[in-house]
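Okay, so here's the structure we're looking at.
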Amino acid sequence: MDYFQYQDDQLMVENLAVQILAEQYGTPLYVYSSATITRHWQAFDQAFASYPHLVCYAVKANSNLSILRHLAHMGSGFDIVSGGELARVLKAGGDPQKIVFSGVGKSAVEIEAALTANIFCFNVESSAELKRIEQIARHLKCRAPISIRVNPDVDAATHPYISTGLKENKFGVAIEQSMELFKHAAQSDALNAIGIDCHIGSQLTQLTPFLDALDKVIDQIEYLASEGIQLSHLDIGGGLGVRYNQENPPEPAVYAESILRRLRQRLPNHSLKILIEPGRAIMANAGILVTKVEYLKQNMDRHFALVDAAMNDLLRPSLYNAWHDIIPVNLKNHPEAMKAVYDIVGPVCETGDFLGKERTLSLKEGDLLAVRSAGAYGFSMSSNYNSRSRCAEILVDNSQHQIIRRRETIEDLFVHELDL
């Protein structure tokens, strides 16, 4: 459930009219619901309440400092994939001992910063990375807490660009090869092997891939135990899907029940702490992108609504051909008699610049539209392509709101460039 609903034909975010925000701050505009973020994070936390666990929000989904601070205040952990995300979480007040550092290409500078910050764990994705972490930890005279991310070669049945658990993907190490890394870590004075990690992809809508991967990881946990290597946590990753269109993903409670049932069956006496890394499932439906219709255009029998948001503001439709529901901000302006089938397109000079195709809407120039489910991988993937300024972000709490990122100015576009 989210807190974007119509009231008297006006789209509301919690108890505030979206149109008021658009008029005050202009468009394009990202608008987030604080209550929705809270509800979605707590759904995971409560679902795993019967087990020792830590919900580590995947920062890449949306990394705004105010959102990270909101999650930190609830006690969230954080899954990061860069030194920049580490800095963001620390600045937002996140607990370093609730940070896990994932990603296949950690630099020496990033590893040193994470060790200095005393993070909870590195999710190690190659033997080369393990050796680098070991060298840096030895130089810093500390022991680096590590978890090996295993690749179970399980088909997540999702878009190939967001599949991460197949052998042809760049992520993790083959389960068969992970034993060598665990043994090396166990014998090292600079490494502390505390966990095992598995993440097979994003926007998963079925439980079977999760359970298939979990079974393979449990097999490895049992084998490690037989070799005298005892772990303290199991990181099952993230990836639970959300409803963009007709998807019907399991609710967090159903997901957790299935995971925990399998763990009780396979490892009845274990004391492993469970880590989960949801990002999209927390943020996607907690945000919308508000855009204004600039022009209506017809080419032969094709209708286009040219709006002021573009692929630089929301890349997912162009990158993944992803569906986002697009709805009017004010229903009174949309009589049934004027409906037509529109492609909702932006001003960027790319044929691939669209937010949605073949949408039945009643439109006129100046109308406001809301692109739903844009809270995750919306602003965080935005850019300045075509020298377009990135838009503002607003966080709403009941009937109050705060601007959490100002709209970029034209001068911001070249503030870091040297005019020689």
Side-chain angles (χ1 to χ4, degrees), residues 1-6 11-13 18 30-33 36-37 39-40 43-44 47 58 61-62 154-165 200-212 238-258 278-291 302-303 305 307 309 311 313-329 331 334 336 339-345 352-363 369-378 381:
M1 175 184 170
D2 62 66
Y3 290 87
F4 294 92
Q5 307 291 334
Y6 284 108
L11 182 64
M12 308 290 289
V13 48
V18 171
Y30 274 101
V31 178
Y32 308 113
S33 161
T36 304
I37 297 169
R39 180 186 180 93
H40 290 171
F44 282 97
N62 188 312
V154 167
D155 187 356
T158 188
H159 191 284
Y161 288 4
I162 51 177
S163 171
T164 62
I200 59 173
S202 186
Q203 187 54 12
L204 277 68
T205 58
Q206 302 294 326
L207 290 172
T208 299
F210 287 114
L211 297 176
D212 288 347
L240 188 64
V242 302
R243 292 177 180 87
Y244 287 106
N245 187 16
Q246 299 298 321
E247 303 94 338
N248 189 30
E251 295 292 333
V254 176
Y255 161 73
E257 181 184 7
S258 299
R280 183 193 310 271
I282 291 173
M283 278 304 305
N285 289 315
I288 60 173
L289 173 62
V290 186
T291 184
R302 198 80 175 183
H303 293 264
V307 298
M311 63 186 293
D313 300 301
L314 180 63
L315 184 59
R316 295 189 71 255
S318 297
L319 183 61
Y320 305 125
N321 199 29
W323 171 283
H324 287 263
D325 198 13
I326 301 176
I327 60 176
V329 167
L331 288 175
H334 294 257
E336 289 286 328
K339 280 190 174 180
V341 178
Y342 288 95
D343 288 354
I344 313 299
V345 299
D353 177 28
F354 64 93
L355 301 179
K357 293 186 175 182
E358 298 183 349
R359 307 304 177 88
T360 302
L361 292 163
S362 170
L363 296 178
L369 297 173
V371 184
R372 298 212 52 174
S373 308
Y377 306 106
M381 295 178 75

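As the structure is a computational prediction, the values presented were derived from the model and not from experiment.
- Rounding to the nearest 0.5 angstrom, the gap separating the CG atom in Leu315 from the CG atom in Asp353 is 10.0 Å.
- Remark: Leu207 CG to Leu240 CG distance equals 8.0 Å, nearest 0.5 Å.
- Minimum interatomic distance between Asp313 and Ala309 (heavy atoms only, all atoms of both residues): OD2-CA, 3.4 Å.
- What you find for Leu363 and Ala305 is that their closest heavy atoms are CD1-CB, 3.6 Å.
- For the pair Arg243 and Asn248, the minimum side-chain heavy-atom distance is below 4.5 Å.
- Here the straight-line distance linking atom CE of Met12 with atom OG of Ser33 works out to 12.0 Å at 0.5 Å rounding.
- Distance alone, capped at 3.5 Å, places no donor-acceptor pair between the Tyr377 side chain and the Ala284 backbone.
- Judged by distance alone, with hydrogens and angles left aside, the side-chain atoms of Asp2 form a donor-acceptor pair with the main-chain N or O of Phe4 at under 3.5 Å.
- Counting all heavy atoms, side chain and backbone alike, Gly279 lies closest to Ala61 at C-CB, 3.8 Å.
- Qualifying ring pair (Phe, Tyr, Trp, His ring centres under 6.0 Å) partners for Tyr342, counting only residues two or more places apart in sequence or in other chains: His303.
- With sequence neighbours left out, the ring pair (Phe, Tyr, Trp, His ring centres under 6.0 Å) criterion links Tyr244 to His324.
- Pairing each heavy atom of Gly238 with each of Phe210, the nearest pair is O-CE2, 3.5 Å.
- Between Ala253 and Ala47, the shortest heavy-atom distance links the atoms CA-CB, 3.8 Å.
- Separation of atoms CD1 (Ile326) and CD1 (Ile288) is listed at 12.0 Å; rounding is to 0.5 Å.
- Side-chain contact between Leu11 and Pro328 is absent, with no heavy-atom pair separated by less than 4.5 Å.
- A 4.5 Å side-chain heavy-atom check between Trp323 and Gln246 finds every atom pair outside the cut-off.
- To the nearest 0.5 angstrom, Arg316 atom CZ is 12.0 Å from Leu355 atom CG.
- Under the 3.5 Å distance criterion, the side-chain polar atoms of Arg39 are left unmatched by any main-chain donor or acceptor of Ile37.
- Side-chain atoms of Phe354 and Asn321, non-hydrogen and from C-beta on, do get closer than 4.5 Å to each other.
- Without hydrogens or angle criteria, Asn62 side chain to Gly375 main chain gives a donor-acceptor distance under 3.5 Å.
- Side-chain contact between Asp343 and Glu358: present, with at least one pair of heavy atoms (C-beta onward) separated by less than 4.5 Å.
- Considering only heavy atoms from C-beta on, Met381 stays 4.5 Å or farther from Met311 through its side chain.
- To the nearest 0.5 Å, the span separating CG on Leu289 from CZ on Arg372 amounts to 13.0 Å.
- Taking 4.5 Å as the limit, every side-chain heavy atom of Thr291 sits out of range of all side-chain heavy atoms of Leu314.
- No side-chain heavy atom of Val13 sits less than 4.5 Å from a side-chain heavy atom of Thr36.
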